[in-house]
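This report concerns only the one structure given below.
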Amino acid sequence: MLKQFSDLGINEQLQQSLIDLQISEPTDVQKKAIPVVLNQKDDLVVLAKTGTGKTAAFGLPLLQLADIENKDIQTLILAPTRELGQQIYKNLESLASNSTEIKIVSLCGGTPIKPQIEALTNRPQIIIATPGRLVDLVKREAINLKSIKYFVLDEADEMVSALKEEVDAIIKELPKTRRTLLFTATMPGYIKQLVQNYMSKHVVHIEADMETVGHQGIDHQYVVVEPIEKLEVLMHFLNSREGERGIIFCKTKAAVNKLAKNLAINKFSSGALHGSLSQGIRDRIMGQFRDEHIDILVATDLAARGIDVKNLSYVVNYHLPDTYDAYVHRSGRTARAGAKGLSLTILQEEEVIDIADFEDELGITFKTFKKADAQSIEENNTLLWAKKIFKTKPNREVSEDLKAKIKTIFHHLTKEELVDKILANYLAQNATVIPNPEGAKKHKKKKQ
DNA sequence: AAAAAAT
């Protein structure tokens, strides 16, 4: 018999929200984790694949356990990035839409702290935070964590490694009697050891959705390119996926900026996301991406973990990820909730040997992505650029006066001559966009 | 070495 949310002990208000959200059946991780959280006894370490519903696996039972008679903060959820924190907040809000008496407050950085201090005076039962901001609030004595009963670390492996200092500072403020619930898709051996130090009660270990070896639904492919043709191959791929949506991962913020600029010049519907942008811009780009106003997100590993955007059919590794786990998280942005997706890694010749390591370490098999020959890539990219120009709407912000002046410049040209000039301009622009080998060498030399 | 997280 299939277990339903009601069988797991989820109450009617939350069941109604699930109906509203058109979520009909619990996933494996939800079936396994919900009863344990509701039992109010044990600590919990949950290992479950990307995109299998971990947020609801702790969100549903913790919303149910929220005691509205109790005006103290009862649940603390920590996330590694502001974007993920906000996403968890929104998910919990929508799960709680029929439990209106529950108050949830998001305490992520990058936004003014005063409104958050204000919001805390409303006595929320549940808070979602990023570590830096929460430490700040504790230092200001704007928050008291002594009443916490449930402590959730999402992306637990990242939290106890990269953000260990802040997490340790926060744990010092928590009562020993609390329950600790850790959720993650990846758990390197050394982290597994470390994690034991964070638990105070008997620990239940749950592994869910793991019986399917590899990352079900993800098609792993790689393509070998010369440095000079990397951008061209990427654009050719993006053109072949016109109307689809995905994320392109780069190694550095500077590389994200550069690639996003190149894609913008070539009229791709794209935006950049990394940690040096203001939170306002980060929120705007994420909003546009979620609302499908832009199709392509160019990002650092800021977007690698937890981010759940609907209908992403591909992920591109424009640079190799640093770790095997980073590959798991990046590629896990596609093929979510049972969907299919492609994870394409673009490599240079000397990096090909790494592919075998990824295969061995992660138990996956890469197929080779067949790139077209240089000439057809260029032709194809140019044709699609022309189509995009055709579809471009006139810019109303340009004054009539300026338009008239520009028209006089081109006045004496025939249509054919005008097309020739626009095309030549496009090709020249692209030539400057793609670094030539000389330039690449010079750059390398400079770095050494 | 780079990314994230506080201002």
Side-chain angles (χ1 to χ4, degrees), chain A residues 76-89 105-117 119-120 127-143 145 152-173 184-186 188 191 247-260 272-283 285-286 297-307 315 317-333 348 350-351 354 443-444 446-448:
Chain A
L76 165 62
I77 300 163
L78 283 185
T81 65
R82 298 164 187 171
E83 280 70 15
L84 185 53
Q86 284 159 7
Q87 178 181 293
I88 295 168
Y89 171 75
V105 165
S106 162
L107 304 173
C108 298
T111 52
I113 200 165
K114 282 255 168 68
Q116 293 180 349
I117 295 170
L120 285 170
I127 56 173
I128 294 132
T130 45
R133 176 52 60 92
L134 189 61
V135 168
D136 193 358
L137 286 161
V138 167
K139 276 185 187 156
R140 290 166 190 248
E141 296 184 1
I143 193 167
L145 300 177
V152 177
L153 277 178
D154 199 13
E155 305 294 341
D157 56 335
E158 174 84 350
M159 299 301 287
V160 302
S161 50
L163 297 165
K164 185 174 192 305
E165 229 172 273
E166 289 90 341
V167 169
D168 286 348
I170 290 162
I171 285 176
K172 278 198 186 116
E173 303 295 317
T184 179
T186 49
I191 298 283
I247 304 180
I248 303 169
F249 286 101
C250 297
K251 193 179 170 70
T252 65
K253 298 169 190 173
V256 165
N257 284 337
K258 191 174 163 194
L259 180 58
L273 183 79
H274 60 69
S276 288
L277 299 168
S278 74
Q279 195 57 40
I281 291 176
R282 281 165 63 167
D283 291 345
I285 295 294
M286 271 312 292
L297 189 69
V298 186
T300 57
D301 279 326
L302 170 60
R305 282 177 174 263
I307 295 303
V315 159
N317 289 301
Y318 197 63
H319 302 113
L320 268 181
D322 282 343
T323 64
Y324 302 116
D325 285 341
Y327 182 89
V328 172
H329 289 286
R330 284 179 175 191
S331 59
R333 296 317 98 211
Q348 284 158 225
E350 63 269 27
E351 296 171 315
D354 297 327
H443 189 64
K444 252 190 182 169
K446 209 177 165 186
K447 266 194 161 176
Q448 283 164 355

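- Legend: residues meeting side-chain contact (heavy atoms from CB on, under 4.5 Å) with A:Ala255, ordered by chain and number and at least two apart, are A:Cys250, A:Thr252, A:His319.
- Between the side chains of A:Asn257 and A:His274, at least one donor-acceptor pair of N or O atoms lies under 3.5 Å.
- Partners of A:Ser106 by side-chain contact (heavy atoms from CB on, under 4.5 Å), not counting sequence neighbours, listed by chain and number: A:Tyr89, A:Cys108.
- Taking atom NE2 on A:His329 and atom C1' on B:dA3, their separation rounds to 14 Å, with Å as the unit.
- Listed nucleotides B:dA4, B:dA2, B:dA5 differ in distance to A:Thr252; the shortest reach to its side chain belongs to B:dA2.
- Look at CE on A:Met159: it is 9 Å from C1' on B:dA5, rounded to the nearest Å.
- Within the 4.0 angstrom heavy-atom criterion, only backbone atoms of the sugar-phosphate kind lie near A:Arg282; the bases stay farther away.
- In this entry the distance linking NZ of A:Lys251 with C1' of B:dA4 reads 15 Å, nearest Å.
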Steps toward side-chain contact (heavy atoms from CB on, under 4.5 Å) verdict (A:Ile285, A:Leu277): CA-CA 10 Å; A:Ile285 295 294; A:Leu277 299 168; 5.6 Å; no
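- Between B:dA5, B:dA2, B:dA3, one nucleotide has an atom nearer to the side chain of A:Thr300 than all others, and that is B:dA3.
- Counting non-hydrogen atoms under 4.0 angstrom, A:Lys253 reaches the backbone sugars and phosphates but no base.
- In this structure, CG of A:Leu273 is placed 19 Å from P of B:dA2, rounded to the nearest angstrom.
- At the heavy-atom level, A:Leu163 lies under 4.0 Å from base atoms of the strands shown.
- Atom CG of A:Asp325 is separated from atom P of B:dA4 by 18 Å (rounded to the nearest Å).
- One atom, CD of A:Glu166, and another, P of B:dA5, lie 10 Å apart when rounded to the nearest Å.
- Between A:Tyr327 atom OH and B:dA2 atom C1' the separation is 20 Å, expressed in whole Å.
- Rounded to a whole Å, the CG atom of A:Leu107 is 15 Å from the P atom of B:dA5.
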